[in-house]
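Everything below concerns the one structure shown next.
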Amino acid sequence: MSIMEDLADALAKDTIDALDIVGTDELIQDVARVIGASSVTTQEAFLTSARVRLSEKRARVYLAKRIEEAKKGLAASAPPPSAEDDIEY
């Protein structure tokens, strides 16, 4: 990764970690606006990292749920709806 991508990814990680503290998913859009005021390229890298990290987080929650269901002999839950994106542009 380039330094820009590394910094954008680290900021995305920190922003996602702060979502529970701040209490709103709008924090991602707010941080993206701040970045975009000086670098649209970095803003795009930040939003991409945030989407990837949030998607991975949702997938891990679903995977853990499916594993638990399988251990208990329960029917598998349907995956959450696809193409849902938490980040508005």
Roughly how far, to the nearest 0.5 Å, is [atom2] of [Y] from [atom1] of [X]?
X   : Y   : atom1 : atom2 : answer
S39 : E44 : OG    : CD    : 8.5 Å
D20 : D25 : CG    : CG    : 9.0 Å
Q43 : M4  : CD    : CE    : 11.5 Å

Check whether any side-chain N or O of [X] sits under 3.5 Å from a backbone N or O of [Y] as a donor-acceptor pair, and report yes or no.
X   : Y   : answer
T24 : L27 : no
E5  : S2  : yes
E69 : L74 : no

Please test K65 against V61 for side chain to side chain contact (heavy atoms under 4.5 Å, CB included), starting from the C-alpha separation and ending with a verdict. CA-CA 6 Å; K65 182 178 182 180; V61 167; 5.7 Å; no
Membership question, hydrophobic clusters at under 4.5 Å side-chain separation (ILVMFWY): are V52 and L54 in the same one? no
Cluster link F46 to V22, ILVMFWY, side chain under 4.5 Å: yes
Answer with yes or no whether the side chains of R66 and Y62 bring together a donor and an acceptor at under 3.5 Å. yes
Apart from I67 itself, members of its ILVMFWY cluster (side-chain separation under 4.5 Å) are L63
Does L47 reach the side chain of I28, with side-chain heavy atoms less than 4.5 Å apart? yes
Exercise answer: donor-acceptor pairs, residues 7-15 side-chain atoms, under 3.5 Å, sequence neighbours excluded:
from: D9; atom 1: OD1; to: S49; atom 2: OG; distance (Å): 3.4
from: D9; atom 1: OD1; to: R53; atom 2: NE; distance (Å): 2.9
from: D9; atom 1: OD2; to: R53; atom 2: NH2; distance (Å): 2.9
from: K13; atom 1: NZ; to: D17; atom 2: OD2; distance (Å): 3.2
from: T15; atom 1: OG1; to: L11; atom 2: O; distance (Å): 2.7

